[in-house]
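Convention: sequence-line order gives letters A, B, ...; per-chain numbering from 1. The figures here come from the full heavy-atom set of this structure, side chains too, leaving out hydrogens, waters and symmetry mates.
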Amino acid sequence: NAGVIQTPRHKVTGKGQEATLWCEPISGHSAVFWYRQTIVQGLEFLTYFRNQAPIDDSGMPKERFSAQMPNQSHSTLKIQSTQPQDSAVYLCASSWTPTNERLFFGHGTKLSVL
Amino acid sequence: GEQVEQRPPHLSVREGDSAVITCTYTDPNSYYFFWYKQEPGASLQLLMKVFSSTEINEGQGFTVLLNKKDKRLSLNLTAAHPGDSAAYFCAVSGGSNNRIFFGDGTQLVVKP
């Protein structure tokens, strides 16, 4: 079991460009979460899916951010027109169920917006 | 919704000393509690999962205490060593909101 796989590990974009981050959850896990981690804000919840359906996106910035889970084997987080303040480590996690099970985290994608 | 407050944000102790990190939560229906450890450059790894029915949970070199009356969860690293230096996060779930809520984390430094 390779765990949660996130690609790329590092991404550098210019201001205004688009960034797409990929996550492959552990096979069989029904819940997929996205978090953003910065030194200043800590660990921020963005959104989560259960059985591929979006359940709670209350943490997603209203503009420029979108997440999808087109099939059970991967989820994407897309940031349009990236800004320097989007620079962070974006973590994906999966679990068997959304609430009462441990989360398995990927190593994250470090996004740097120049 | 649930609010989780974690203190302190930074903690520095000497090797051999104890280190205590505390989280308070607001939803009395919360039932599952977690501590995660994040070493430098690595992702979060589960340290311990605690059920609300157990007040004291012992791990290897640490103890987790749960006080449901005060809605307080604490992680006590006994005789900390430099390898314990990491960021620690508490998490709470099972309450009225159908997801897991994390504290802001504690950066622990254990000096030799």
Establish, yes or no, whether the cationic atom of R50(A) lies under 6.0 Å from the six-membered ring centre of Y48(A) and within 45° of the ring axis. no
Counting only heavy atoms closer than 4.5 Å, note whether Q107(B) contacts chain A via side chain, backbone, both or neither. neither
Q37(A), part contacting chain B, at a heavy-atom distance under 4.5 Å: side chain
For the pair L11(B) and Y88(B), evaluate side chain to side chain contact (heavy atoms under 4.5 Å, CB included) and give the outcome as yes or no after the intermediate values. CA-CA 11 Å; L11(B) 181 59; Y88(B) 292 83; over 6 Å; no
When the 4.5 angstrom heavy-atom criterion is applied to Y35(A) and chain B, the contacting part is side chain
For K110(A), does the NZ atom sit with more than 12 other heavy atoms under 6.0 Å from it, leaving out its own atoms? no
So with a 6.0 Å cut-off around CG of L114(A), is the heavy-atom count from everything else above 12? yes
